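Note sheet for the following structure.
What you are looking at is a predicted structure, and each value in this text was computed from that prediction instead of being measured. Proteins come first, then strands; the chains are lettered A, B, ... in the order of their sequence lines, and each starts at number 1.
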Amino acid sequence: TAGNKILHFGACRVSMSMAEIRAGFTAIKANIQARDSIRTLSILSYPHSLHKVNSSDRCCITHHLFNFYVDKVFKHCRTEDSYVNRKISSIANSFLSMKRKLGQCHEQNQCVCGQESTEKFKQILANYEELNVTSAAMKSLGELDILLDWME
Amino acid sequence: SGELYCSLLNPRNVRFESINMKNVLHWSAPEGTGNGVLYRVKYSVYGVGKWIRKPECRNINRTWCDLSSETSDYEEQYYASVKAFLNGMSSDWVETTRFNPLTDTKIDPPMVSVSSTDKSISIILTAPEKWKRNPKEESVSLLQVYPGLQYNVSVLNKKTKKRWFFSISNHTLVVPWLEPETAYCVSAQIHVTTPILDSGFSKEYCIATLKDKTK
């Protein structure tokens, strides 16, 4: 479909509706980020930016992150605003299909996890667990552009 | 010495205005205040959170502050904040929304240069450069920042008013099979696919094709 993009992670190729996800997030970005008043912590960028991750570990980190967003973020991000909720669930659906595709790569050993990706993901979980679930989930959702910028 | 301040209305509409990653903080004066209001500015890197004062924007009376240098790492995101002072009164600190230089900047149109033969025109497009601290610093094209950068090119036959549109990733374009001795006008726009960013169209650059050599 329009706006689909083939993301290459070594032997693993995954088609993703990047433009759709970007548009959905842009529509709710200000709303979601305004709910996050904690400036001293970033789930994805602390202490090191995702951009510092080795390229060989990109597939594994991406696989971990999609699992993370599907299992620990979207389901805790309900708001009082139905428009925002609809956008969140649309993004979540895109992530769900991506999670499956990356899972297949993982099963076919095309998405090997090195030490760096394991350490990085441990740090992301540690950052997440520093906050209560709702705050951590909302902060993670507000950082979606960090993930998308890095992936692209 | 301790300074005693009563409360003043807040600065309004505090936001970043960014063009080619020249990131300038702008705001409006507190409602109902005329001249004499002074401002202080601070900024922070998202995830670090420590507020850093901007000395060059301490006690200024203008309503903008260039934070391009402080926000030049576009892999980070930022907040900035402004406080107003007047006659011993001060406002609250008023913050921007989270600023992401990569997605929140505007991009200028490309530079366009055209040349012609009798039956074709050649177009060379140049993407703008990312803001840099000083002219001696190495230039970074926005093409390097946005690998998905493309150009939309419009070519207008001034005689027939017929217009073509091209979407190209390359920075050169040759338009063949044109009419000799005819004026054509070219305008171009930058289109970034990820993140989604579009410049405006450049002004029109017009050129005439030459006389038909075969005649």
task: Give, as side chain, backbone, both or neither, the part of A:I146 having an atom under 4.5 angstrom from any heavy atom of chain B.
output: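 For A:I146, heavy atoms of backbone and side chain both lie under 4.5 Å from chain B.
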query: With a 4.5 angstrom heavy-atom cut-off, which part of A:L41 approaches chain B: side chain, backbone, both or neither?
result: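 For A:L41, the backbone is the part near chain B, not the side chain.
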- prompt: SG of A:C105 to SG of A:C111, below 2.5 Å?
  reply: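 Disulfide absent: SG-SG distance not under 2.5 Å.
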B:R40 vs B:N59, side chain to side chain donor-acceptor pair (under 3.5 Å): CA-CA, chis, key distance, verdict: CA-CA 5 Å; B:R40 292 180 193 172; B:N59 295 338; 3.0 Å; yes
query: In terms of heavy-atom pairs under 4.5 Å, which option from B:V45, B:V48, B:I196 contacts chain A the most?
result: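 Heavy-atom pair counts peak at B:V48.
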task: Let me know if B:T103 has heavy atoms under 4.5 Å from chain A in its side chain, its backbone, both or neither.
output: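 Interface part for B:T103: side chain.
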field: Side chain, backbone, both or neither of B:Y79 within contact of chain A (heavy atoms, under 4.5 Å)
entry: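 Just its side chain gets close to chain A.
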message: Check this for me: does any side-chain nitrogen of one of A:D149 and A:R22 sit under 4.0 Å from a carboxylate oxygen of the other?
response: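 Result for this pair is yes, salt bridge flagged.
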Electrostatic pair A:D36:B:R98 at N-O distance under 4.0 angstrom: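 Counted as a salt bridge, because a side-chain N and a carboxylate O are separated by less than 4.0 Å.
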- prompt: ring-ring contact (aromatic ring centres under 6.0 Å, His included) with B:W27: which of B:W64, B:Y39, B:W93?
  reply: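 With B:W27 as partner, ring-ring contact (aromatic ring centres under 6.0 Å, His included) holds for just one option, B:Y39.
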